[in-house]
Every structure is written in structure tokens, then in C-alpha cells.
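Everything on this sheet refers to the single structure shown next.
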Amino acid sequence: MRVDKFLWSVRYFKTRSIATNACKQGKVKMNGSNMKPSKEVFPGDRLLVRKNQIDYQLEVLDLPPSRVGAKLVTIYIQDHTPKEAFEKLDLLLLKYSKEYYRKKGTGRPTKKDRRDIEDWFDNAGDTENKDQNT
């Protein structure tokens, strides 16, 4: 079976054309060398697939006849990706999410800032009313 068809059928890529492009861009490797989309895959082969900044290490156990359901994927591949790769991605995403938010006092307020300001004014008005009643 072709490597692009295999990766599509075991649901590592949503479409076969995305799997083909990944092969052409050098994101799919076997034994350290890039694979063309038409390269044949056999049971026992080990693939390295780079997707979403994670290097997935896959072992081909069997070849599916066609695209399989998500529950049946484990019959055809075994994932040897280290857990550190996923933890590294989580840390990277957390870092970027903090850097995305702008510093206070620069530019226009965001919707969240506006809501916070309105809540603060509403709460400040409530305390003034309480002070006048006492």
C-alpha cells in the first residue's frame, strides 16, 4: 500500500491529498530518509510523521483494506511517540497564549477589557447607593 494512502486510511491525515503533500514536504520519513507518496509500506515498517509540531513514531502492524474507523486504528498501527513530545507542545501553546494578550495600557480595550470595566463601574455604583442609604 502507498504511504500516503496508508496514513489517510489510519486517520493521521484528513484527506489523501494532505497526506501526499506531507510526504512531498519531507514530513514523512522511514529509516531517516524522506518518503515519496508512492513509496510502498509493509507491516513491520517504522514511520516518523511530523504533524502539528510533534514527531509521531509509528509502527505498521498490518495494512487496512480501506479507510478504517477510529476505534479500529490500533489494529493497524502502534504509536511509539514519547510523552515528552506532547508535554513540550502543551508548554509551547501556553507560552504563545500568554504572549498573545497585549500589555495593559496599550491600544483599545478588548471586549473582555470592556466587560471588566463595565462590571467594575456597576459594582462601584452599587457601593455608592449603599453608602447613601446608611
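- Residues Met35 and Leu48 do not share a hydrophobic cluster, clusters being chains of Ile/Leu/Val/Met/Phe/Trp/Tyr side chains in contact below 4.5 Å.
- Closest approach of Pro64 to Ser9, counting heavy atoms only: CG-OG, 3.3 Å.
- Under the salt bridge (Lys or Arg N to Asp or Glu O under 4.0 Å) criterion, Arg115 pairs with no residue, sequence neighbours left out.
- For Glu118, the salt bridge (Lys or Arg N to Asp or Glu O under 4.0 Å) partners at least two apart in sequence or on another chain are Arg114.
- Here the closest heavy-atom approach between residue Gln57 and residue Asp79 is recorded as O-OD1, 3.3 Å.
- Scored by the side-chain hydrogen bond (donor to acceptor under 3.5 Å, both in side chains) test, Lys27 finds Gln25 as partners (sequence neighbours excluded).
- In the hydrophobic clustering of this structure, Leu7 groups with Ile75; members are Ile, Leu, Val, Met, Phe, Trp, Tyr whose side-chain heavy atoms approach within less than 4.5 Å, directly or through other members.
- Every residue was checked against the side-chain hydrogen bond (donor to acceptor under 3.5 Å, both in side chains) condition with Glu40, not counting sequence neighbours, and none meets it.
- Listed by first then second residue, pairs satisfying ring pair (Phe, Tyr, Trp, His ring centres under 6.0 Å) with a partner in residues 12-38 read Tyr12-Tyr56, not counting sequence neighbours.
- Side-chain contact check for Pro43 versus Leu63: some heavy-atom pair is nearer than 4.5 Å.
- Environment of NZ in Lys36: sparse, with no more than 12 heavy atoms of neighbouring residues, nucleotides or ligands closer than 6.0 Å.
- One hydrophobic cluster, built from ILVMFWY side chains closer than 4.5 Å, holds both Val3 and Tyr76.
- Arg67 meets the salt bridge (Lys or Arg N to Asp or Glu O under 4.0 Å) test with no other residue; sequence neighbours excluded.
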